[in-house]
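One structure below.
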4 protein chains.
Amino acid sequence: MRVDARRNEQALLEAAAAVFVTSGVDAPVRAIAARAGVGMGTIYRHFPTRSELVVAVYRHQVEACADAGPRLLAESATPEAALRAWVALFVEFLVTKHGLAGALQGDSAGSDALHSYFVDRLVPVCGSLLHAALKSVDSAATVDAYNLLKGVGNLCIGAANDANYEADVLVQLLISGALAHEAG
Amino acid sequence: MRVDARRNEQALLEAAAAVFVTSGVDAPVRAIAARAGVGMGTIYRHFPTRSELVVAVYRHQVEACADAGPRLLAESATPEAALRAWVALFVEFLVTKHGLAGALQGDSAGSDALHSYFVDRLVPVCGSLLHAALKSVDSAATVDAYNLLKGVGNLCIGAANDANYEADVLVQLLISGALAHEAG
Amino acid sequence: MRVDARRNEQALLEAAAAVFVTSGVDAPVRAIAARAGVGMGTIYRHFPTRSELVVAVYRHQVEACADAGPRLLAESATPEAALRAWVALFVEFLVTKHGLAGALQGDSAGSDALHSYFVDRLVPVCGSLLHAALKSVDSAATVDAYNLLKGVGNLCIGAANDANYEADVLVQLLISGALAHEAG
Amino acid sequence: MRVDARRNEQALLEAAAAVFVTSGVDAPVRAIAARAGVGMGTIYRHFPTRSELVVAVYRHQVEACADAGPRLLAESATPEAALRAWVALFVEFLVTKHGLAGALQGDSAGSDALHSYFVDRLVPVCGSLLHAALKSVDSAATVDAYNLLKGVGNLCIGAANDANYEADVLVQLLISGALAHEAG
DNA sequence: TATGAATGAGGATTCATTCAT
DNA sequence: AATGAATGAATCCTCATTCAT
């Protein structure tokens with residue numbers, strides 16, 4: 001890849017991140033291009049679909065989140081604490097990225113890549129933590145990691161727009177519920 | 001109101017309900033009018049804003065849901081059972097009305113009336129049930145009824161599109177979590 | 001004509017006059033009907049075209065204006081004074097009726113009846129005054145009464161919307177010009 | 001600017017000029033685009049508001065008119081002749097551009113830029129000529145240049161639609177009136 | 001005769017996407 | 001490889017006019 005192409009790609013990622021914060025992940029292509037100082041065609045060259053752009057923008061943070069899983073499990077006092085810390089991390093990520101939680105739904109055709117990426121990368125991590133936590137409290141699984149992850153994601157939708165809505169509290173309650181059922 | 005006007009209004013409500021399921025509550029006015037077999041102007045006559053149409057479409061069911069609260073409290077074996085039955089009812093309502101859960105977010109400008117209506121009508125009902133349940137298990141409140149209701153609503157988003165996602169299970173876990181914290 | 005029909009027609013004229021002042025002579029039919037407390041169909045029954053309604057609304061005042069011509073000629077010190085007083089009267093009428101001066105242009109199809117009525121009724125009056133004034137100052141005619149009337153009307157367009165525009169002054173200057181050319 | 005963009009802009013100006021003559025300056029965007037052979041979006045790219053398009057269409061002629069003022073003052077036998085020649089020029093411009101005179105009214109929201117442009121550009125020119133003419137005939141001013149310019153503009157409204165209406169004659173009478181009042 | 005519900009043409013505007021330069 | 005001009009589908013909303021009741 002030519003040096004200028006790489007520079008453009010970097011500029012686009014930064015611009016998109018900034019615009020996504022302001023206007024959500026459905027912001028007009030033109031706005032992103034303008035902020036990056038490139039033509040719209042350049043966006044399409046680097047990221048043929050919007051979903052690919054969104055994935056690229058958040059890749060670093062998703063990776064960081066994924067990497068945090070094993071580390072937290074090793075460092076935390078208990079597996080439950082590790083799970084709680086990890087979902088708190090995930091919640092913070094989603095809530096600060098305007099519209100991202102909603103985009104995880106995968107409904108609309110274009111967001112499939114985003115949905116897949118999140119699931120592929122984070123469900124295994126979440127699964128490890130959940131499994132360890134369940135074992136440590138001697139509970140049986142009531143939900144799988146996919147459901148838990150998606151539930152957490154859903155609870156974060158719209159959190160940034162509503163000062164009375166406390167997504168983080170609800171998420172911790174959901175964890176409590178998931179770990180609460182005593183093993184028979 | 002003239003008989004034909006009433007017939008049109010009814011046709012519009014049914015058409016809108018059907019189109020909302022398919023295309024969400026932001027579906028084009030023209031599509032709703034076409035399905036109802038009326039002109040677009042007729043929609044604007046009966047429901048000057050989109051929000052009023054959405055509220056009208058779901059009013060019956062919201063009222064039924066609100067009415068069910070006190071009844072369940074009286075009929076159920078325990079307050080917790082009443083709360084669980086009621087949220088199950090609410091979940092069933094939201095999940096079968098594709099796109100409704102998402103519309104409950106007050107984000108988009110036009111849906112504010114909808115958001116208000118849901119909150120005004122259901123938060124008090126939810127609050128009664130929650131309060132009774134908390135008291136019966138001798139727990140302190142960790143969330144208010146608004147947060148609980150909105151959390152339940154959020155957990156239902158996209159549930160109809162994903163066979164692997166079990167919103168009802170997650171909602172019951174959330175209730176478990178909300179009732180789990182021992183008092184004092 | 002039945003008594004109720006006459007009552008409706010009267011109500012419509014008053015309502016239209018009021019609405020025209022507020023919103024101009026192109027105000028929505030519905031607004032006029034609503035203010036009159038009748039259905040829209042009733043407007044169409046009484047006044048099939050908008051032009052006929054406008055004519056009817058202003059008939060009294062146009063007649064009063066026409067009648068004022070001979071009277072002013074008889075009462076004024078000089079024919080020129082009579083002409084000046086009469087155009088001042090006409091100007092006051094036009095300026096206070098929002099949009100009426102513009103509607104006198106026979107451009108748009110619907111306003112033909114209005115245009116015709118004004119011309120038929122007022123050009124002769126204006127002509128008498130102009131002729132007498134020209135004779136009294138021993139000037140030759142440089143414009144006919146039709147041109148003078150229409151010129152005065154045009155000068156009044158938009159006068160109510162622009163505090164810096166003094167239609168009345170300009171009109172008097174136009175009269176001065178029309179009487180200024182010395183007869184050979 | 002790319003050659004094709006410049007070609008489109010030129011085509012748009014010509015198309016708009018033609019359509020304005022036929023349908024007035026409020027002609028549908030679609031009609032202008034169709035005549036220019038471009039998409040509607042292209043109009044919005046080049047001229048974000050209707051007012052900007054109107055100004056662009058008439059800029060050349062307004063500038064020519066403005067430039068003619070000082071030249072006429074220098075070349076004419078008397079300042080009055082210069083003023084008369086200049087307003088005749090202005091009248092010819094307005095009358096041949098059907099609908100332009102009407103658009104000079106600042107009424108409709110979108111045409112404000114047009115109104116401003118005309119006033120800013122032509123009132124000073126008109127003022128110089130008027131002042132010189134008044135001085136040369138030893139008359140005191142009875143109107144300012146803004147009123148005179150707007151009056152001339154108003155007299156031209158609808159002139160192209162009415163063969164019996166002689167705007168040019170009326171305008172010269174208005175000038176006569178404006179210069180007639182003897183000083184002292 | 002009166003009502004006002006219904007129609008639907010008409011016009012503005014936005015933006016994703018393509019492709020000539 | 002990059003640009004950004006152009007396209008035009010999609011959608012909203014208003015209101016004159018007709019006509020069933």
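For the numbers below, each heavy atom of this structure counts, side chains included, while hydrogens, waters and symmetry mates do not. Chain naming here is simple, since letters A, B, ... match the order of the sequence lines and numbering starts at 1 in each.
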So do Gln105(C) and His115(C) actually touch side chain to side chain, heavy atoms under 4.5 Å? no
Is there a side-chain contact between His46(D) and Leu12(D), using heavy atoms and a 4.5 Å cut-off? yes
d(Ile157(B) CD1, Asp162(B) CG) to nearest 0.5 Å is 13.5 Å
Answer whether the closest heavy-atom distance between the side chains of Tyr117(B) and Tyr58(B) falls below 4.5 Å. no
Rounding to a whole Å, what distance do you find between Glu9(D):CD and dA6(F):P? 9 Å
Can any side-chain N or O of Glu52(C) pair as donor or acceptor with the backbone N or O of Thr49(C) at less than 3.5 Å? yes
Spacing between Glu52(D) atom CD and dT13(E) atom P, to the nearest angstrom: 12 Å
Is there a side-chain contact between Phe47(C) and Thr42(C), using heavy atoms and a 4.5 Å cut-off? no
For dA12(E), take OP1 and OP2 only and decide whether either is under 4.0 Å from a side-chain N or O of Arg50(D). yes
If a pair means Watson-Crick or G-U wobble with both distances below 3.5 Å, what does DNA chain E look like in dot-bracket form, with | marking bases paired to a different strand? .||||||||||||||||||||
Along DNA chain F (nearest heavy atom to each residue), the more 5'-positioned of Gly37(D) and Gly37(A): Gly37(A)
Nearest-Å distance for atom pair CZ/C1', residues Arg45(A) and dG4(F): 14 Å
Considering just the side-chain nitrogens and oxygens of His46(A), establish if one lies under 4.0 Å of OP1 or OP2 belonging to dA1(F). no
Can you tell me the distance, in whole Å, between the CZ atom of Phe47(D) and the P atom of dA12(E)? 16 Å
Enumerate all atom pairs, one protein N or O and one N or O from nucleotides 17-21 of chain F, separated by less than 3.5 Å.
residue: dT17(F); atom: OP2; partner: Tyr44(C); partner atom: OH; Å: 3.4

For a side-chain contact (heavy atoms from CB on, under 4.5 Å) with Val57(C), tell me which candidate from Leu13(C), Ile32(C), Val62(C) qualifies. Leu13(C)
Euclidean distance, atom CD of residue Gln10(A) to atom P of dA1(F) [Å, nearest integer]: 18 Å
Note, Glu14(A) side chain near Gln10(A) side chain (heavy atom, < 4.5 Å): yes
Could you tell me the separation between the CD1 atom of Ile32(C) and the P atom of dC15(F), rounded to a whole number of Å? 12 Å
Which listed nucleotide (dT7(E), dA1(F), dT3(F)) is nearest to the side chain of Val38(A)? dT3(F)
Checking Ser116(A) side chain against Asp112(A) main chain: does a donor-acceptor pair fall under 3.5 Å? yes
Does the side chain of Thr96(B) come within less than 4.5 Å of Val21(B)'s, by heavy atoms? no
Once you round it to whole Å, what is the distance between P of dT1(E) and CZ of Arg6(C)? 13 Å
Which residues within residues 17-26 of chain A lie with some heavy atom under 4.0 Å of an atom in DNA chain E? none
5'-most contact on DNA chain E (nearest-nucleotide basis), Pro28(D) vs Asn8(B), goes to Asn8(B)
Can you tell me how far C1' of dA2(F) sits from CG of Leu12(A), to the nearest Å? 11 Å
Asp26(A) versus Arg50(A): any side-chain heavy-atom pair under 4.5 Å? yes
Okay, side chain of Ser23(B), backbone of Phe20(B): is any donor-acceptor separation there less than 3.5 Å? no
Would you say dA2(E) has OP1 or OP2 under 4.0 Å from some side-chain N or O of Thr42(C)? no
